[in-house]
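No hydrogens, no waters, no symmetry mates; every other heavy atom, side chains included, goes into these values.
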Amino acid sequence: MTSPISRPVPRTGILDIEAYVPGKSKAKGGAKTFKLSSNETPHGPAASAIEAYKSAGMTLDLYPDGASRALREAIATRYGLDVNRIVCGCGSDDLLHLLATAYIGPGDEGIMTKHGFQIYYIAIQTSGGVPVISEEKNFTADVDDILLRVTPRTKAVFIANPNNPTGTYLPFEEIKRLHAGLPSHVLLVLDAAYAEYVVKNDYTSGLEMVSTYDNVVMTRTFSKIYGLASLRIGWMYAPEEICDIVNRIRGPFNVSGPGIAAGIAAINDTKHVEMSVAHNDKWLNWLSEEVRAAGLEVTPSVANFILVHFSRKPGFTAAEAEEFLAQRGLIVRGVGSYHLPDAIRITIGTEEATRLVAAALREFAAHGAKGNVGA
Ligand SMILES: *Cc1c(COP(=O)(O)O)cnc(C)c1O
């Protein structure tokens, strides 16, 4: 006797999920390549973080501290935070998924913006919820539009501030207005993966809101400015009650021993961070100006990447630009899956890479894909 279903079948909704597609890491051809497709730092981690990682390699047989206590203490000291309100994760992606799992159930709604970070969409779907998409204005989250979409089924709002892949941000006044307009049972998740890069007086990552309200969570990562993307370390600052919930469902050892060790060293090396911010500020502005001078539109960015817009004219499209750059060893991110088919996202790399991008885009803007002849 055979049952009508002959193999395991996933829960309703799982097959609707499209897997996250990371930025490309290789170009065709053997020439020197620059990976500018995943917003990684061009500087690598602090030397002290690499040392700490290597030392931790001597104890790979031991389980790490499941509470990541020492890392949480280092984070708390660095930012003047309450250690009991910090939870670490296997990257901040882990924490975003855990928050969705904990607070969004089948049929519930989670709001994100049209060009918001795709992990929110996947996390909401994974928990059985319905992603509700808010329209943006000038590639920026629109508080009024978000608030219009709140219903009795809304359980969470996910905002990357600054947002990836647009590089735009909401000033603190707007975040406060968003929070004030939300019912108090709706969780507001502020994903501050690029907070360290922002040099704007009207920006804050949301730490002080977490201290004040019961429904605000802020997430951060060691993957971007700290240069530890491969180690997978993130953290969140949240009300104690939310930390308790996430601690119940997270993996008991979701941060590795080498990750804890390297994270502590990295967060204590403020010089490395300052150098990275200064480099980014200089070359972000320089590249944005160069690309505008080439006649292409750039969305003003406060993060470590820019969104460049192209026309639909054959020979001058975003897909052709991506290919044109790839042939010069410059790997960038197509963002069609972010409802941005006419744009590409370019990470700010080394001075060498940034100058090459500027020169290549000038050439592309002038001659289009034809310029590739003989390249
Ligand atoms: C890169 C990024 C993250 C970080 O992800 P990790 O899992 O910590 O590596 C989170 N949010 C946004 C918007 C990002 O761009």
Side-chain angles (χ1 to χ4, degrees), residues 18 20-25 27 34-40 112-121 133-142 145 159-170 191 193-194 197-198 224 280 283-349 353-354 356-369 371-372:
E18 284 182 45
Y20 182 82
V21 181
K24 292 192 184 105
S25 47
F34 297 91
K35 187 180 176 209
L36 307 172
S37 55
S38 297
N39 298 343
E40 294 144 333
M112 63 178 284
T113 66
K114 182 160 180 191
H115 311 300
F117 190 44
Q118 242 159 15
I119 293 295
Y120 313 147
Y121 201 92
I133 307 301
S134 164
E135 289 296 325
E136 301 191 10
K137 262 197 195 136
N138 299 322
F139 304 103
T140 309
D142 177 352
D145 190 86
I159 295 269
N161 202 30
N163 182 53
N164 170 19
T166 53
T168 57
Y169 76 107
L170 288 181
D191 175 350
Y194 300 95
Y197 282 114
V198 185
K224 302 288 156 59
N280 189 68
W283 294 104
L284 172 74
N285 290 318
W286 183 84
L287 184 61
S288 303
E289 281 312 311
E290 285 288 309
V291 177
R292 275 184 203 113
L296 296 166
E297 193 193 319
V298 183
T299 300
S301 169
V302 296
N304 69 332
F305 53 86
I306 55 171
L307 190 68
V308 183
H309 302 267
F310 296 86
S311 74
R312 294 202 169 160
K313 196 168 122 196
F316 294 86
T317 64
E320 285 162 305
E322 189 183 338
E323 175 62 23
F324 187 90
L325 292 167
Q327 295 206 7
R328 285 155 180 73
L330 302 163
I331 307 158
V332 302
R333 181 77 141 100
V335 283
S337 58
Y338 284 88
H339 306 286
L340 295 164
D342 300 324
I344 57 175
R345 189 194 69 195
I346 307 172
T347 305
I348 303 303
T354 310
L356 287 171
V357 167
L361 285 177
R362 263 186 196 274
E363 219 180 304
F364 181 82
H367 307 292
N372 253 343

Set of side-chain contact (heavy atoms from CB on, under 4.5 Å) partners for [X], sequence neighbours left out:
{"X": "Ala343", "answer": "Leu307, His309, Val335, Leu340"}
{"X": "Leu356", "answer": "Phe34, Leu330, Glu352"}
{"X": "Lys114", "answer": "Ile133, Glu135, Glu136, His339"}

Donor-acceptor pair, side chain of [X] and main chain of [Y], under 3.5 angstrom:
{"X": "Ser301", "Y": "Ala303", "answer": "yes"}
{"X": "Ser311", "Y": "Lys313", "answer": "yes"}
{"X": "Glu320", "Y": "Gly315", "answer": "yes"}
{"X": "Thr347", "Y": "Leu36", "answer": "yes"}

Problem set entry | Side-chain heavy-atom pair Thr317, Asp342 within 4.5 angstrom cut-off | no

Exercise. Do Ile306 and Val291 have side-chain heavy atoms sitting under 4.5 Å apart?
Worked result: yes

Problem set entry | Residues forming a side-chain hydrogen bond (donor to acceptor under 3.5 Å, both in side chains) with Thr354, sequence neighbours excluded | none

Exercise. In chain order, what residues pass the side-chain hydrogen bond (donor to acceptor under 3.5 Å, both in side chains) check against Asn285, with sequence neighbours excluded?
Worked result: Asp281

Which atom pair, heavy atoms only, marks the closest approach of [X] to [Y]?
{"X": "Ile344", "Y": "Ala321", "value": "CD1-CB, 4.4 Å"}
{"X": "Lys24", "Y": "Lys35", "value": "O-CE, 3.4 Å"}
{"X": "Ser288", "Y": "Val298", "value": "O-CG2, 3.9 Å"}
{"X": "Ala365", "Y": "Phe316", "value": "O-CE2, 3.6 Å"}
{"X": "Arg345", "Y": "Ser37", "value": "NH2-O, 2.6 Å"}
{"X": "Tyr120", "Y": "Ala160", "value": "OH-CB, 3.1 Å"}

Seminar exercise, completed: Residue pairs passing the salt bridge (Lys or Arg N to Asp or Glu O under 4.0 Å) test with at least one member in residues 289-310, sequence neighbours excluded, are Glu289-Arg292, Glu290-Arg362

Problem set entry | Aromatic ring proximity Phe117/Tyr338, centre distance under 6.0 Å | no

Problem set entry | Member of Ile159, Asn161, Thr140, Asn163 meeting the side chain to side chain contact (heavy atoms under 4.5 Å, CB included) criterion with Tyr169 | Asn161

Problem set entry | Derivation of the side-chain contact (heavy atoms from CB on, under 4.5 Å) call for Leu325 and Ile331 | CA-CA 7 Å; Leu325 292 167; Ile331 307 158; over 6 Å; no

For this session: Could you please spell out the steps behind the side-chain contact (heavy atoms from CB on, under 4.5 Å) verdict for Leu361 and Ile346?
Result: CA-CA 11 Å; Leu361 285 177; Ile346 307 172; 3.8 Å; yes

Exercise. Does Phe310 have Arg312 sitting over its ring (NZ/CZ under 6.0 Å from centre, angle to axis within 45°)?
Worked result: no

For this session: Give the C-alpha distance, both sets of side-chain angles, the deciding distance and a yes or no for side-chain contact (heavy atoms from CB on, under 4.5 Å) between Thr168 and Thr299.
Result: CA-CA 8 Å; Thr168 57; Thr299 300; 3.5 Å; yes

For this session: Considering only NZ, NE, NH1 and NH2 on the basic side and carboxylate oxygens on the acidic side, decide whether Glu40 and Lys224 come within less than 4.0 Å.
Result: no

Exercise. Going by an N to O cut-off under 4.0 Å, is there a salt bridge joining Arg328 and Glu363?
Worked result: yes

For this session: Report the C-alpha separation of Arg333 and Asn39 in whole Å, then their side-chain angles, then the decisive distance to 0.1 Å, and conclude whether the side-chain hydrogen bond (donor to acceptor under 3.5 Å, both in side chains) test is met.
Result: CA-CA 9 Å; Arg333 181 77 141 100; Asn39 298 343; over 6 Å; no

Seminar exercise, completed: Interatomic distance, CD@Gln118 vs OG@Ser337, rounded to 0.5 Å, equals 4.0 Å

For this session: On the 0 to 90° scale, with breaks at 30° and 60°, tag the Phe305-Tyr194 ring pair as parallel, tilted or perpendicular.
Result: perpendicular

